Amino acid sequence: EGEEGEDGEPKKKRKKKQAPKPGELPPLTEEEEKVQRALRQSGSKSVEGEDWSVHDRWQVPVFVKGAPTMFLEVTTTTVMPTVVGKFKGRLMQSLVGKDGSETVPLIDFGKLPVGQEAVLTISLTNVSKVGTVVSPHILDPFGPFVLLKSPSFMEAGASQAVSLAFRPRKESTFRENNWLEFAGGRLRYCLTGIGVSPHFAVEGLEVDNGMVDIGDVLAGRELARSFTLRNQSPFEVTYNIQIRNVGEVNASNLNPVDCVPARKAVAAGEEQEVALTFAGDTESLQYQAMVKVVVPNQKEKLEYRVVGRCWAQAAFLYDPSPTARSAPLRLDRFKDQAGGGEEAAPIKLEHTFPMTAAQAREEAEFPLRVGNCGGGGVEGAWENL
């Protein structure tokens with residue numbers, strides 16, 4: 001039961017004031033409502049035959065020091081617009097605050113990658129009984145907003161669409177006020193959008209000064225290394241991997257380096273695992289390919305030189321110096337590639353140490369790289385050392 005007052009009667013519960021919804025003005029206070037009732041001489045009403053207009057009469061007090069209070073009578077007329085607009089199902093209305101500032105409806109394109117296009121639509125309805133000409137205000141020709149479609153004339157009761165596009169050409173926040181003019185009024189709105197550049201990060205790829213060494217492979221077999229492409233953009237982006245061979249070619253004419261999948265759409269914040277494969281069929285130190293991950297409008301370049309070596313036998317030994325690896329390709333490099341017995345031919349390397357080091361009795365080094373690219377173990381022996 002409710003509480004009782006001093007006279008024994010139950011107290012009236014005060015209604016809790018609800019917070020205004022976004023885009024709505026706060027309700028008047030009790031004091032403001034009293035002032036409004038006192039100032040208004042006649043309530044809102046429509047003139048006969050004019051259901052599209054509402055009229056009010058107001059008494060505005062004028063205070064002058066040393067003089068009696070005077071009143072100014074003001075007549076106001078509110079006219080219903082000829083054309084009304086809806087955006088995403090909501091009526092587009094401008095709101096005027098207590099300080100006289102106007103808040104117009106917002107057409108927000110959100111975040112969009114630079115170079116792409118987004119289209120939004122405003123639905124117009126002519127609510128009057130006569131047709132009207134619709135004149136759109138000209139948008140900034142150097143800005144990112146474009147008017148794609150707008151009616152020039154609307155019959156009474158007709159509905160048509162206005163199509164607007166957002167085409168950002170750089171990373172920035174864009175904002176532009178615009179309006180549609182028709183008989184009896186304007187439909188004002190504000191266009192806004194953010195141009196952003198996508199960003200992909202490469203993870204799990206060992207890169208040394210722009211170069212990826214995929215390793216050594218036995219002729220006719222395949223070597224695979226995986227890495228991850230992570231989409232750090234707030235939207236879905238499609239990547240594309242381009243591969244250009246710049247070194248040794250296979251005798252079969254098949255590309256020695258490949259990436260799978262080479263093209264795919266990756267959702268915002270998601271990642272995609274990519275397999276980098278190397279399959280050679282010619283014994284050579286000079287397999288090289290330029291691998292480029294193309295992400296539209298990304299500032300950071302994702303381009304790598306992938307190098308690998310192919311051997312006719314499991315055990316290998318080679319000179320890793322830049323001079324040896326950049327030696328010109330031999331014209332007979334395909335000779336006897338298909339042959340070979342059970343025992344592998346000996347690997348021969350020759351190196352001449354500098355005479356100056358010998359004369360000065362100084363140490364000199366000749367680095368070699370030895371390894372096994374087969375599936376089983378191998379035995380080796382050094383000769384003439």
Side-chain angles (χ1 to χ4, degrees), residues 20-25 46 50-56 75-197 234-235 297:
K21 297 179 180 179
E24 294 183 355
L25 293 175
S46 299
E50 292 185 5
D51 53 357
W52 45 268
S53 65
V54 176
H55 303 267
D56 281 292
T75 302
T76 60
T77 302
T78 306
V79 182
M80 189 163 106
T82 309
V83 177
V84 295
K86 284 187 177 182
F87 177 62
K88 294 183 177 180
R90 298 186 63 179
L91 189 65
M92 298 174 64
Q93 291 180 314
S94 298
L95 300 176
V96 180
K98 294 179 180 180
D99 58 353
S101 61
E102 182 182 17
T103 303
V104 299
L106 200 64
I107 309 297
D108 188 6
F109 287 88
K111 295 180 179 180
L112 188 70
V114 173
Q116 295 191 18
E117 178 185 85
V119 178
L120 294 177
T121 301
I122 298 173
S123 300
L124 298 180
T125 302
N126 184 356
V127 295
S128 69
K129 297 179 180 179
V130 295
T132 179
V133 174
V134 178
S135 302
H137 179 67
I138 298 176
L139 289 164
D140 181 2
F142 302 103
F145 301 108
V146 181
L147 180 64
L148 300 178
K149 176 186 173 184
S150 177
S152 57
F153 184 82
M154 294 185 67
E155 298 287 350
S159 296
Q160 296 191 40
V162 175
S163 297
L164 296 154
F166 176 49
R167 302 169 181 169
R169 293 187 289 270
K170 63 179 181 179
E171 284 187 281
S172 184
T173 300
F174 301 93
R175 191 180 185 92
E176 184 173 354
N177 291 315
N178 200 260
W179 62 84
L180 298 169
E181 197 161 357
F182 42 81
R186 287 180 176 179
L187 177 61
R188 298 181 180 87
Y189 53 88
C190 179
L191 300 169
T192 182
I194 303 174
V196 296
S197 290
F235 43 80
N297 299 297

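These figures come from a predicted structure and were not determined experimentally. Both backbone and side-chain heavy atoms feed into the values below; hydrogens, waters and symmetry mates do not. All residue numbers in this chain count up from 1 along the given sequence.
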Would you compute the distance between atom OG of Ser123 and atom CE of Met92 and round it to the nearest 0.5 angstrom?
10.0 Å
Where the side chain of Thr132 meets the backbone of Ala183, is there a donor-acceptor pair that is under 3.5 Å apart?
yes
What are the two closest heavy atoms between Phe109 and Leu191, and how far apart are they?
CE1-CD2, 4.2 Å
I need the minimum non-hydrogen distance between Leu187 and Tyr189, along with the two atoms involved.
O-CD2, 3.6 Å
Is there a donor-acceptor pair closer than 3.5 Å between any side-chain N or O of Glu176 and the backbone N or O of Gly143?
no
Are the side chain of Thr125 and the backbone of Val127 linked by a donor-acceptor contact shorter than 3.5 Å?
no
Do Thr121 side-chain atoms and Ala161 backbone N/O form a donor-acceptor pair below 3.5 Å?
no
Considering all heavy atoms, the nearest Glu181-Trp179 contact:
OE1-NE1, 4.0 Å
Between Arg188 and Glu102, is there a side-chain heavy-atom distance shorter than 4.5 Å?
yes
Among Leu120, Ile122, Ile107, side chain to side chain contact (heavy atoms under 4.5 Å, CB included) partner for Val162
Ile122
Tell me, do Asn126 and Phe182 make a side-chain contact under 4.5 Å, heavy atoms counted?
no
Could you check if a side-chain atom of Arg175 sits within less than 4.5 angstrom of a side-chain atom of Cys190, using non-hydrogen atoms only?
yes
Closest non-hydrogen contact found for Ser94 with Val104 is OG-CG1, 3.9 Å
Counting heavy atoms not belonging to Leu91, are there more than 12 under 6.0 Å from its CG?
yes
Is it true that a side-chain atom of Asn297 and a backbone atom of Ser197 form a donor plus acceptor pair closer than 3.5 Å?
no
With distance as the sole test, does Thr192 use its side chain to make a donor-acceptor pair with the main-chain N or O of Phe174 at under 3.5 Å?
yes
State, to 0.1 Å, how close Met154 and Leu124 come at their nearest heavy-atom pair, and which atoms those are.
CE-O, 3.6 Å
Nearest heavy-atom approach of Leu112 to Pro168 is CD2-CD, 3.6 Å
